[in-house]
Amino acid sequence: MTYQKLKGTADILPGESEKWQYIESSARDILKQYQFKEIRTPLFEQFDLFARGVGETSDIVSKEMYDFYDKGDRRVALRPEGTAGVVRSYVENKLFAPEYHRPMKLYYIGPMFRYERPQSGRQRQFHQLGVEVFGSKNASVDVETMLLALDLFKHFQLTDLKLVINSLGSNESRQLYRKELIEFLEPHFEELSKDSKDRLYKNPLRVLDSKDKKDKEIVKGAPSILDYLDEDSKEHFESVKRMLTAMTIPFEIDTNMVRGLDYYNDTIFEIITTNPKFGANATICAGGRYDSLVEEVGGPSTPAFGFGFGLERLILMLEHMGFDYPVSSLLDAYVVTIGEAVNEEAAKLTHELRQNGLSVEREFMSRKPAKQFKTADKLNARLVFTIGETELKERKVRVKDLTSGLENEVDLEELYTRFSEVYPTLLKSLEKEGE
RNA sequence: GCGAUUGUGGCGAAGUGGUUAACGCACCGGGUUGUGGUCUCGGCAUACGUGGGUUCGAUCCCCAUCAGUCGCCCCA
């Protein structure tokens, strides 16, 4: 084998691609219900956009970015997530202008890239669906968007899901909390894991969701970020909780939940599967509020809320629960050819049938009729049109209904010129008595 | 970045330090010259990831490398 796909990439082949189409179109339907509009942004951007937007200290930027220099010596990066590019586009195209309806609700579906070791539910090129809402600080935006996420998963009949929320407060209150947290952790410095030691001063909140057993023990006694929220953040979070409760949406609060990306404030959330098969990949959807990113990227101060989830993981989940994808194997007709002489007429017949809206496949390999019927059967064809030298001479074609087993013949010219009259009659003649 | 495990024809899967490397599926052809899930007979194929080494000889032993899978870190 001369060439092979790069590590962490995948070919989505027929059989698999139908699943993707189904998921994407279902998701688009729901997004439409919620009045989200699609936005398509480039797969690569200036490196700095991601570095700044996602956060320099995040793992994504520090070690997982797929970046390179182009021929113009520009440092570019394949997008590791969707938000930064959408925010850039929002700002660059001035979508904050007064003529646009506010808030602006956008979604995207597409490939993302992260340079890391592939494993179950994780690839270097993977796909995410994400949404961003710009221009409203209203807590009901938080709630609506979380409900949308839940709704998307509900649509695929996913169970074992859990909505977990937390609040990071305002940037100011978080600074305060950060200081307190460092003070709390410092006495335990030597007991902390290596990763946590590194993070203590760079991004101490990350220590909170450390997977290390000892860290977890230490963190148990840490102050809760919720105690440091200022009045606005407190009320915002209360409002979110009230609405969720009023709508009887079950949720949990995890005060130790933080974000790998640095731009969040106030409400953050995750949707987690409790299915043990997922292990470290339990989080299937994550998002939250990011009120300062737009400004950070050069736009006017604009509150925003969004989330993203990985389609590979969604498909994996559906696989685990044995989801039945609706089969769309509709083949109206298979054209059987007998003898080389009919090749051209078969081409015409196939074309005419397709012009009249039928989904048609034909025989190209000139196999014997029995094999062709077998194929028609396998492809789940409704009808088989048989054309051989006899039919060609008589300008007719035999038509068999594979369900009823009945066969009839029809004049070729009539079929070509008066299809809408001939075809229904033909179908009727092939129906079994009493059905 | 770290660890474990695997790599045989299109797919699945046996196997051995030594003449022609099983089998199943799929595919193709035949079973009175033109009709469909079954049965039967036959055929098919650039198969032992790649590069070294050990050996008289390696698909099977050793090393490296690439790739897959899984786990850790982190994340979707």
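Labels below follow one simple rule: chain letters A, B, ... track the order of the sequence lines, proteins then strands, and each chain is numbered from 1.
Spacing of P atoms, G9(B) relative to C48(B), comes out at 7 Å, to the nearest Å. Between U8(B) and A21(B), the two C1' atoms lie 9 Å apart (nearest whole Å). When the P atom is compared between U46(B) and C39(B), the two are found 28 Å apart, to the nearest whole Å. Across the P atoms, U65(B) and G3(B) are found 12 Å apart, a figure rounded to whole Å. Atom name P, nucleotides U32(B) and U19(B): the rounded distance is 42 Å, in whole Å. Comparing A47(B) with G12(B), their C1' atoms are spaced 13 Å from each other, to the whole Å. To the nearest whole angstrom, the two P atoms, one in A58(B) and one in G17(B), are 15 Å apart. G31(B) and U38(B) have their C1' atoms separated by 14 Å, given to the nearest Å.
E391(A) comes within 4.0 angstrom of a base, heavy atoms only. Using a 4.0 Å heavy-atom distance criterion, A376(A) is classed as making no nucleic acid contact. Across all strands, G8(A) comes closer than 4.0 Å only to sugar-phosphate atoms, never to a base (heavy-atom distances). Heavy atoms of E312(A) sit nowhere under 4.0 angstrom from any nucleic acid atom. Counting non-hydrogen atoms under 4.0 angstrom, E363(A) reaches nothing in the nucleic acid. Residue G405(A) is in base contact, counting any heavy-atom pair closer than 4.0 Å across all strands shown. K5(A) comes within 4.0 angstrom of nothing in the nucleic acid, heavy atoms only.
Checked by distance alone, Q372(A) brings no side-chain donor or acceptor within 3.5 Å of a matching partner on the base of U35(B).
Of the candidates C27(B), G29(B), C70(B), the closest approach to any side-chain atom of S120(A) belongs to C70(B). Side-chain proximity of Q128(A) to U35(B), A67(B), A76(B): nearest is A76(B). In the set G29(B), C27(B), U35(B), the nucleotide with an atom closest to the side chain of R367(A) is G29(B). Proximity note for K400(A) (side chain, C-beta onward) versus A26(B), C74(B), G36(B): the nearest is G36(B).
F385(A) pairs with exactly one of T337(A), V336(A), L415(A) by the side chain to side chain contact (heavy atoms under 4.5 Å, CB included) rule, that one being L415(A).
One can place CG of L331(A) at 18 Å from P of G36(B), the figure rounded to the nearest angstrom. Remark: P of A76(B) and CG of L311(A) are 14 Å apart, rounded to the nearest angstrom. Straight-line distance from the CG atom of L6(A) to the P atom of G68(B): 9 Å, rounded to whole Å. Distance, M317(A) CE to A76(B) P: 16 Å, rounded to whole Å.
For residues 181-207 of chain A, every residue pair satisfying the ring-ring contact (aromatic ring centres under 6.0 Å, His included) rule, not counting sequence neighbours, is listed here: F184(A)-H188(A).
For the side-chain contact (heavy atoms from CB on, under 4.5 Å) test, residues two or more places apart in sequence or in another chain that qualify with S224(A) are L226(A), D227(A), T255(A). Under the rule for a side-chain contact (heavy atoms from CB on, under 4.5 Å), the partners of T350(A) that lie at least two apart in sequence or sit in another chain are V335(A), R354(A), V360(A), R362(A). For the side-chain contact (heavy atoms from CB on, under 4.5 Å) test, residues two or more places apart in sequence or in another chain that qualify with D67(A) are F47(A), M65(A), R75(A), A77(A). Applying the salt bridge (charged side-chain N to carboxylate O under 4.0 Å, His left out) rule to E319(A) yields the partners K19(A); only residues at least two apart in sequence or on another chain are considered. By the salt bridge (charged side-chain N to carboxylate O under 4.0 Å, His left out) test, E132(A) pairs with no residue at all, sequence neighbours left out. With sequence neighbours excluded, the residues satisfying salt bridge (charged side-chain N to carboxylate O under 4.0 Å, His left out) with R28(A) are E38(A). Every salt bridge (charged side-chain N to carboxylate O under 4.0 Å, His left out) that R398(A) has, sequence neighbours left out, goes to E407(A), E409(A).
Residue K368(A) places at least one side-chain N or O closer than 4.0 Å to OP1 or OP2 of G31(B). The side chain of T283(A) contributes no N or O atom lying less than 4.0 Å from OP1 or OP2 of A76(B).
Ionic pairing of R367(A) and E363(A) is present here: one or more N-O contacts between side-chain nitrogen and carboxylate oxygen are shorter than 4.0 angstrom. Under a 4.0 Å N-O distance rule, the pair E45(A)/R79(A) does not qualify as a salt bridge.
Stacking between F126(A) and the base of A76(B) is present: ring centres sit under 5.5 Å apart and the planes differ by under 30 degrees.
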Atom pairs under 3.5 Å, N or O on each side, protein against nucleotides 38-47 of chain B: can you list them with distances?
none

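In this structure, Q123(A) and G388(A) both approach RNA chain B, and ranking their closest nucleotides by distance from the 5' end singles out G388(A).
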Does the protein touch nucleotides 1-7 of chain B at the base, only the backbone, or not at all? Give it as B, S and - per nucleotide, heavy atoms under 4.0 Å. BBB----

Solution key, residues 20-27 of chain A side-chain donor-acceptor pairs under 3.5 Å, sequence neighbours excluded:
unit_1: S25(A); atom_1: OG; unit_2: Q21(A); atom_2: O; d: 3.3
unit_1: S25(A); atom_1: OG; unit_2: Y22(A); atom_2: O; d: 3.3
unit_1: S26(A); atom_1: OG; unit_2: Y22(A); atom_2: O; d: 2.7

Dot-bracket encoding of pairs in RNA chain B, which uses [ ] for pseudoknotted crossings and | for another strand, Watson-Crick or G-U under 3.5 angstrom: (((((((..(((.....[....))).(((((.......))))).....(((((..]....))))))))))))....

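Note that R124(A) lies in the cation-pi zone of Y115(A), set by a 6.0 Å cut-off to the ring centre and a 45° limit from the axis.
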Report the C-alpha distance between E217(A) and K220(A) in whole Å, list the side-chain angles of each, state the deciding distance to 0.1 Å, and finish with yes or no for salt bridge (charged side-chain N to carboxylate O under 4.0 Å, His left out). CA-CA 5 Å; E217(A) 206 51 45; K220(A) 266 187 186 164; 3.8 Å; yes

